[in-house]
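The structure appears right after this line, and notes come after that.
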Amino acid sequence: MSVRLFALSLLCAFTTSMAPVAWAQAKNTDTGYVPQRGQAGKDVIWIPTPQGLIDKMLDVARVGSGDLVYDLGAGDGIIAITAAGRYGARAVGIEYNPQMADFARRKVAEAGLSDRVRIITGDIFKEDFSAATVVTLYLYPDLNMRLRPTILAMKPGTRVVSHAFTMGDWEPDETVTDQTARAFFWVVPAQVEGEWTLNGMDGGPVKLSFRQLFQQVGGMATIQGVSQPLVGVRLRGNELSFKMSLPDRQMVSFTGRVSGKNISGTLNTPTANLSVDARRN
Ligand SMILES: C[S@@+](CC[C@H](N)C(=O)[O-])C[C@H]1O[C@@H](n2cnc3c(N)ncnc32)[C@H](O)[C@@H]1O
């Protein structure tokens, strides 16, 4: 066993002590195939996420009937089955090991969820999961990092939850724990870095300049030639809000949505709520 397989086994021994044994070692009587906790996989071993943490992961991602959940490295399908069975979502699990994928399909059928859960036998680095509204992971830090560019290119607002492992310098939006297990949650941010022109305000256009590190955004507003920092910029998926002061020193607040090269929303001033639009320069 390599050092990193050994390290994950040790970590999992601590984090999965509450995992239901029925899931981990249930014998499939049709084929005789019995997946073993810690068995080798293409890029990572199989250890199931404990049910308590799965519930917290799907809760923090606010999974509902409108969601399409992809579990990357699906194992016995427990995350996909929970997403469909308890949260009403549609779900897809991608599992490289064909025997494990068959085992998961049988679990899906036993749960009566074959119409809402699909298990793909495939490689997470080759299969297309761009349709997901929620992505779940229980991999390794370096695999998360390999997937990160693909995840960041997904539709803004896509929710991502990873059991145990982070995504480098992309800070999680939230962390959830169950017993000794922990998961990290992110919302894929829209791309706002760069220069924009905001129209719709009396007194002429406002030049907006955003700097961005994932969901962390700062910026400047230039109004009638005077520049000042934006205050309290918040970006969650494609939802953007900030405050700025006008030349007469009144503070106004913006809330709106980013859609490609357009940001549209409402500017709340002390006297009116204005519909405004910004275009990327
Ligand atoms: C740690 S287990 C997690 C299982 C499940 N997601 C869960 O949390 O309960 C990782 C799973 O990924 C599978 N796997 C490893 N490399 C893979 C790859 N490149 N593509 C698809 N599945 C892979 C393994 O066979 C294993 O079942």
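Here, residue 1 is the first one in the sequence, and each next residue gets the next number. Numbering of ligands and ligand atoms starts at 1, following listing order.
Using a 4.0 Å cut-off between charged nitrogen and carboxylate oxygen, K56 and D178 count as a salt-bridge pair. Salt bridge present: D67 and R159 bring a charged side-chain N and a carboxylate O closer than 4.0 Å. Note on K42 versus D123: salt bridge recorded, some NZ/NE/NH1/NH2 to OD/OE distance being below 4.0 Å.
Between P149 and R146, the shortest heavy-atom distance links the atoms CD-O, 3.4 Å. Across all non-hydrogen atoms, the minimal contact from A80 to A91 is O-CB, 3.5 Å.
Backbone and side-chain nitrogen or oxygen atoms of I78 are examined, and none is located within less than 3.5 angstrom of a nitrogen or oxygen of ligand 1. Checking only distances, Y96 does come within under 3.5 Å of ligand 1, N or O to N or O. At under 3.5 Å, not a single nitrogen or oxygen of W46, backbone or side chain, sits near a nitrogen or oxygen of ligand 1. Polar contact with ligand 1: absent for N97 (N/O pair, distance under 3.5 Å). Distances between N or O atoms of T49 and those of ligand 1 include at least one value under 3.5 Å. Among the atoms of L72, none of the N or O lies under 3.5 angstrom from an N or O of ligand 1.
By the criterion of a heavy-atom distance under 4.0 Å, the side chain of I79, and not its backbone, is placed next to ligand 1.
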message: Please evaluate residues V188 and I151 with respect to the criterion side chain to side chain contact (heavy atoms under 4.5 Å, CB included), reporting the C-alpha separation (whole Å), side-chain torsions for both, the decisive distance (0.1 Å), and the verdict.
response: CA-CA 7 Å; V188 172; I151 289 172; 4.0 Å; yes
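Ligand 1 is approached by I45 to a heavy-atom distance shorter than 4.0 Å. The closest approach between any non-hydrogen atom of E95 and ligand 1 is below 4.0 Å.
Numbered from 1 in the order shown, with element, the atoms of ligand 1 that lie under 4.0 Å from a heavy atom of G122 read 20 (N), 21 (C).
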Pair up each side-chain donor or acceptor in residues 246-260 with any protein partner under 3.5 Å, not counting sequence neighbours, and list the distances.
unit_1: D248; atom_1: OD1; unit_2: Q250; atom_2: N; d: 2.9
unit_1: R257; atom_1: NH1; unit_2: N238; atom_2: OD1; d: 3.4

